[in-house]
Amino acid sequence: MKRNPAAPALFLAFALILAGPAALAAPPAGPSEDNPPVLVKAAVPPVIDGVLDDPAWAAGLKFDGFKTFKPDYNKDASQRTEAYIAYDAENFYFAFRCFDSEPAKIKAAVSKRDNVFQDDLAFINIDTFNDRQSAFAFIVNPLGIQGDGMVNVQGNLETSFDAVWYSKGAIDDKGWTAEGRIPLQSIRFPNKDVLTWRILFVRFFTRTSEQVSFPPIDPNYGSLMGQAQPVQLSGLKYERVVELLPAFTFGRTQEATEASEGRLVRNRDLDINDVSLTGKLGLTSDLTLDGTYNPDFSQVEADAGQIDFNQRYALYYEEKRPFFLEGSDLWQFGGAMEDAPLYSLVYTRTIVDPTFGFKLTGKVTPRDTVAAIYAQDDLGAGEEVDRHPDVMIARYKHTLKDDAFIGAFYTGREYGEGFNRVGGIDGRFRLSPTQTTSFHLFGSFTRDPGEETTASDHALSLNYNYSNRKVYVDLGYQDISEGFRADSGFLTRTGLRQAMTFGMYTFYPKSKFFQRIQPFYWGAHLYDTIYDMWESTNVFVLRFYLPRNTMVRFDGLLVSEVFAGERFSDNGYGAMFETQLAKSIYAQARVRRMDKVYYDPEDPYQGYGTTVSAALRYQPIDQLDFIVNLSYVDFYRTLDREKVYDYLILRSRNTFQLNKYLFLRGIVEYNDFYKRMTLDGLVSFTYIPGTVVHLGYGSALEKVEWDESLPGFAESGRFRQMARGFFFKVGYNHRF
């Protein structure tokens with residue numbers, strides 16, 4: 001029997017989980033829940049116009065005393081901030097007065113919702129269940145442009161949540177103001193007479209790189225929402241959420257498949273003429289059922305091009321479809337670490353084009369959260385095994401003390417006589433104010449069509465985290481058996497056991513130029529159980545934070561990699577920077593020179609090359625936004641220093657935002673590797689999420705010409721249009 005080389009690490013991690021809660025130190029209390037301030041209903045609701053002259057603000061609760069949490073903790077901010085809250089039976093209101101001694105330097109732009117994160121911003125985060133597990137985040141820039149999302153248990157913002165709410169902002173000689181109205185129908189909360197909500201206010205300053213909050217955040221107490229301000233409310237009116245969203249989409253795509261007398265003949269037309277219906281029903285004030293029939297899952301904007309040649313793993317594309325986005329924060333699991341092989345257990349883009357689907361999200365008790373999806377997919381007429389596989393996903397999460405939880409997962413994909421089913425448990429525990437541990441253990445059960453036996457395999461992960469003002473440590477262990485499959489997730493590699501380490505120390509120099517200096521180390525030491533070989537990743541980084549949201553970092557890499565039974569080098573070095581150079585200019589670049597592998601399973605070989613990515617954003621006025629992105633990689637064979645390939649993608653994305661609802665956008669992308677250029681134009685109107693009108697046109701050009709001797713298309717020195725298409729979509733979100 002082979003010895004498990006990582007068994008000591010596995011035992012230690014289990015010991016931390018099992019022994020830790022027994023020695024659990026009582027976390028320091030955040031703002032007291034014993035006597036939280038009572039918010040009284042507004043007699044007259046405020047007018048959402050960006051002017052804070054309403055009696056509701058004077059009668060509501062006011063909060064000041066904001067302190068920094070970046071670049072350092074608990075310092076006085078360079079500018080003062082005041083926040084206000086009020087409510088009535090049907091709405092929750094908030095407002096900010098953001099003082100600024102140089103109003104002309106305030107960073108703000110008119111943009112579409114959720115495209116505000118390079119502006120000055122104000123956040124209100126609301127934990128309506130007072131369980132410290134998550135919070136609704138509502139974000140507004142100085143011109144009233146909205147962003148929203150969910151803050152998860154780790155304190156990270158997930159922007160997948162889109163709510164119907166209303167806001168207005170204004171810049172004046174004192175700085176800027178913002179007001180917001182959140183209909184109670186847009187959020188979930190317990191249906192009780194008296195409620196305690198936790199509220200955390202946040203403000204971002206772009207030019208000084210400051211981030212401030214109220215209440216102040218203490219780095220020696222890790223639970224973010226555990227430090228939020230408790231507020232007592234009563235008499236909220238629960239109205240059952242009922243929404244219907246009919247949508248109509250028409251589109252036509254023409255592709256060139258041959259040519260005659262030098263002219264392309266478009267003899268393949270692909271038409272879309274669909275009516276879809278999506279609905280939402282509030283079963284209770286905190287449990288929602290969604291359903292969809294024949295949904296239009298076409299994307300308004302195509303995925304940005306990625307370098308797709310000589311990749312060991314499949315490329316990951318973010319989910320953009322609204323039906324799947326809402327509640328997607330619930331698919332996160334304990335024991336996850338950056339760059340771990342099991343990136344996601346639920347990757348909804350594996351559901352290609354569902355005929356119909358249902359989704360249930362919310363709480364069944366104050367401590368128990370559920371999420372579930374059932375969808376019948378449609379893979380198209382060419383699918384031989386099963387054109388309509390069934391997809392089932394379920395998540396259960398039970399809240400423990402503070403930000404701890406224990407949970408369970410199930411995912412299933414049934415196709416013909418075959419299936420892939422994954423089930424297991426996960427959890428997170430707080431060992432002390434500065435320490436957490438988490439884990440997951442999943443089993444997969446797979447039977448391919450025509451097989452008589454079911455293969456069972458596992459994925460295990462354990463994680464320990466320690467963080468305070470200066471020190472951050474993250475330790476993890478993963479064990480994924482060779483046959484583990486997660487057909488509804490995103491998994492890059494199996495047949496491994498690895499220990500992962502991240503350690504960082506933060507210096508806070510007494511300097512106006514250097515705000516923070518962070519040396520850190522990231523390592524992964526992996527045992528490949530398939531080839532009985534070890535590999536090691538060691539990344540050494542020195543990172544500097546400066547004013548104007550500027551970051552500069554330098555990397556050194558000592559890396560070995562096992563592929564197809566051979567060990568290769570990935571050693572290298574690199575640098576990265578990003579900065580808001582001026583109010584109108586943002587720049588980002590990254591370059592890395594390193595050894596590389598040519599991933600041919602039959603004949604892999606050692607190489608080296610350079611990888612470059614860069615972005616430049618220019619906003620000459622509030623309504624105009626020009627973004628240019630560059631991605632480049634080359635590869636040389638080490639043996640003879642011959643260039644094997646280079647790959648360049650250039651993308652220009654240009655937007656004219658007439659107002660907060662309507663924009664015009666043009667995208668040009670050139671892929672030098674495939675000698676292909678795409679041109680896309682879009683006119684888009686979004687009143688609220690779901691109430692939309694889109695009109696788009698796209699064209700693809702390639703450097704080809706018709707060659708009768710083949711017959712077929714051959715390389716050419718000039719572009720020819722090979723495909724074109726347009727679409728029109730209209731949707732209306734009707735709330736009853």
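In this chain, residues are counted from 1 in sequence order.
Taking each heavy atom of Leu184 and Asn91 in turn, the nearest pair found is CG-N, 3.9 Å. In terms of heavy atoms, Arg240 sits closest to Leu281 at CD-CD1, 3.9 Å. Nearest approach of Phe161 to Gly149, heavy atoms of both residues: CD2-O, 3.6 Å. Minimum interatomic distance between Pro389 and Tyr415 (heavy atoms only, all atoms of both residues): CB-CB, 4.1 Å. Closest of all the heavy-atom pairs between Ser186 and Val164 is OG-O, 2.6 Å. Residues Phe333 and Leu345 approach most closely at CE2-N, 3.5 Å, considering heavy atoms.
Asn141 places a side-chain N or O within donor-acceptor distance of the main-chain N or O of Ala109, the cut-off being under 3.5 Å. Under the 3.5 Å distance criterion, the side-chain polar atoms of Asn125 are left unmatched by any main-chain donor or acceptor of Ala135. Looking at Thr177, its side chain never comes within 3.5 Å of a backbone N or O of Arg97 through a donor-acceptor pair. The closest donor-acceptor contact from the side chain of Asp54 to the backbone of Val47 lies under 3.5 Å. Although no hydrogens or angles enter the test, the distance criterion places a donor-acceptor pair under 3.5 Å between the side chain of Arg395 and the main chain of Leu330. A donor-acceptor contact shorter than 3.5 Å is absent between the side chain of Arg676 and the backbone of Asn671. No side-chain donor-acceptor contact under 3.5 Å links Thr249 to the backbone of Asp274. Here the side chain of Lys41 pairs a donor or acceptor atom with the backbone of Gly235 at under 3.5 angstrom. At least one donor-acceptor pair closer than 3.5 Å links the side chain of Asn294 to the backbone N or O of Val275. Remark: side-chain polar atoms of His694 are not paired, donor with acceptor, to backbone N or O of Phe728 under 3.5 angstrom.
From Leu143, atom CG reaches atom CD1 of Ile106 across 9.0 Å, with rounding to the nearest 0.5 Å. Expressed to the nearest 0.5 Å, how far CE of Met722 lies from CD of Glu255 amounts to 9.0 Å. Atom-to-atom distance recorded for Asn549:CG and Phe204:CZ is 9.0 Å, nearest 0.5 angstrom. From Gln721, atom CD reaches atom CG of Leu701 across 5.5 Å, with rounding to the nearest 0.5 Å. We find the CD1-OH distance between Ile688 and Tyr732 to be 7.5 Å, quoted to the nearest 0.5 Å. Note that the CZ atom of Arg413 and the OG atom of Ser488 stand 6.0 Å from one another [nearest 0.5 Å].
Under the 4.5 Å side-chain criterion, counting only non-hydrogen atoms from C-beta, Leu662 is in contact with Val683. Taking 4.5 Å as the limit, every side-chain heavy atom of Glu319 sits out of range of all side-chain heavy atoms of Ser328. Contact of the Ser111 side chain with the Val116 side chain is registered, since non-hydrogen atoms from C-beta on lie closer than 4.5 Å.
When the shell of 6.0 Å around OH of Tyr687 is examined, it contains 12 or fewer heavy atoms from other residues, nucleotides or ligands. Remark: Tyr410 OH is packed, more than 12 non-hydrogen atoms of other residues, nucleotides or ligands lying under 6.0 Å away. More than 12 heavy-atom neighbours from other residues, nucleotides or ligands sit within 6.0 angstrom of NZ on Lys363.
Arg321 forms no cation-pi arrangement with Phe324, by the criterion of a distance under 6.0 Å to the ring centre and an angle within 45° of the ring axis.
Salt bridge absent: Lys168 and Glu179 never bring a charged side-chain N and a carboxylate O closer than 4.0 Å. Salt bridge status for Arg735 with Glu243: present, with a side-chain N to carboxylate O gap under 4.0 Å. Taking 4.0 Å as the cut-off between side-chain N and carboxylate O, Arg421 and Glu414 count as a salt-bridged pair. Ionic pairing of Asp119 and Lys107 is present here: one or more N-O contacts between side-chain nitrogen and carboxylate oxygen are shorter than 4.0 angstrom.
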Worksheet item: Given the rule in the side chain to side chain contact (heavy atoms under 4.5 Å, CB included) test, do Asp625 and Phe663 qualify, once you have shown the distances and angles that lead to the verdict?
Response: CA-CA 11 Å; Asp625 189 8; Phe663 69 81; over 6 Å; no
Fill in: Stepwise side chain to side chain donor-acceptor pair (under 3.5 Å) check, Thr206 with Gln580
CA-CA 8 Å; Thr206 300; Gln580 189 74 44; 5.9 Å; no
Discussion item. Walk me through whether Asp88 and Tyr93 qualify under side chain to side chain donor-acceptor pair (under 3.5 Å).
Written reply: CA-CA 8 Å; Asp88 57 29; Tyr93 306 93; 2.7 Å; yes
Discussion item. Please determine whether side chain to side chain donor-acceptor pair (under 3.5 Å) holds for the pair Gln306 and Tyr316, giving the CA-CA distance in whole Å, both sets of side-chain angles, and the decisive distance to 0.1 Å.
Written reply: CA-CA 10 Å; Gln306 298 187 55; Tyr316 183 88; over 6 Å; no
Discussion item. Under the criterion ring-ring contact (aromatic ring centres under 6.0 Å, His included), I'd like the reasoning laid out for Phe309 against Tyr647: C-alpha separation, chi angles, the key distance, then a yes or no.
Written reply: CA-CA 8 Å; Phe309 185 73; Tyr647 198 130; 7.3 Å; no
Practice prompt. Might you work through the side chain to side chain donor-acceptor pair (under 3.5 Å) test for Thr288 and Asp290, ending with a clear yes or no?
Written response: CA-CA 7 Å; Thr288 303; Asp290 295 81; 5.7 Å; no
Item to complete: Might you work through the side chain to side chain contact (heavy atoms under 4.5 Å, CB included) test for Ile187 and Ile126, ending with a clear yes or no?
Response: CA-CA 10 Å; Ile187 58 177; Ile126 311 172; 5.6 Å; no
Fill in: Audit row: Leu277, Leu244, side chain to side chain contact (heavy atoms under 4.5 Å, CB included) steps and yes/no
CA-CA 7 Å; Leu277 182 65; Leu244 280 181; 4.2 Å; yes
Practice prompt. Would you sort out whether Gln657 and Asn115 count as a side chain to side chain contact (heavy atoms under 4.5 Å, CB included), showing the intermediate values?
Written response: CA-CA 12 Å; Gln657 191 88 31; Asn115 192 33; over 6 Å; no
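Taking Thr128 as the reference, nothing meets the side-chain hydrogen bond (donor to acceptor under 3.5 Å, both in side chains) condition, with sequence neighbours excluded. In this view, Tyr166 satisfies the ring pair (Phe, Tyr, Trp, His ring centres under 6.0 Å) rule with no residue, not counting sequence neighbours. For Asp386, there are no side-chain hydrogen bond (donor to acceptor under 3.5 Å, both in side chains) partners two or more places apart in sequence or in a different chain.
For the residue pair Gln332 / Glu158, a side-chain donor-acceptor distance below 3.5 Å is found, with atom types taken as modelled. Side chains of Trp165 and Asp148: a donor on one and an acceptor on the other come within 3.5 Å. Side-chain contact annotation: Tyr586 with Glu578, donor-acceptor N/O pair under 3.5 Å present.
Only one option out of Tyr317, Phe490, Trp331 pairs with Tyr347 in a ring pair (Phe, Tyr, Trp, His ring centres under 6.0 Å); it is Phe490. With respect to Phe92, the ring pair (Phe, Tyr, Trp, His ring centres under 6.0 Å) criterion is satisfied by exactly one of Phe189, Phe138, Trp197: Trp197.
Ring planes of Tyr661 and Phe685: tilted class, angle from 30 to 60°. Relative orientation of the Tyr84 and Trp57 rings is tilted, given thresholds of 30° and 60° on the angle between their planes.
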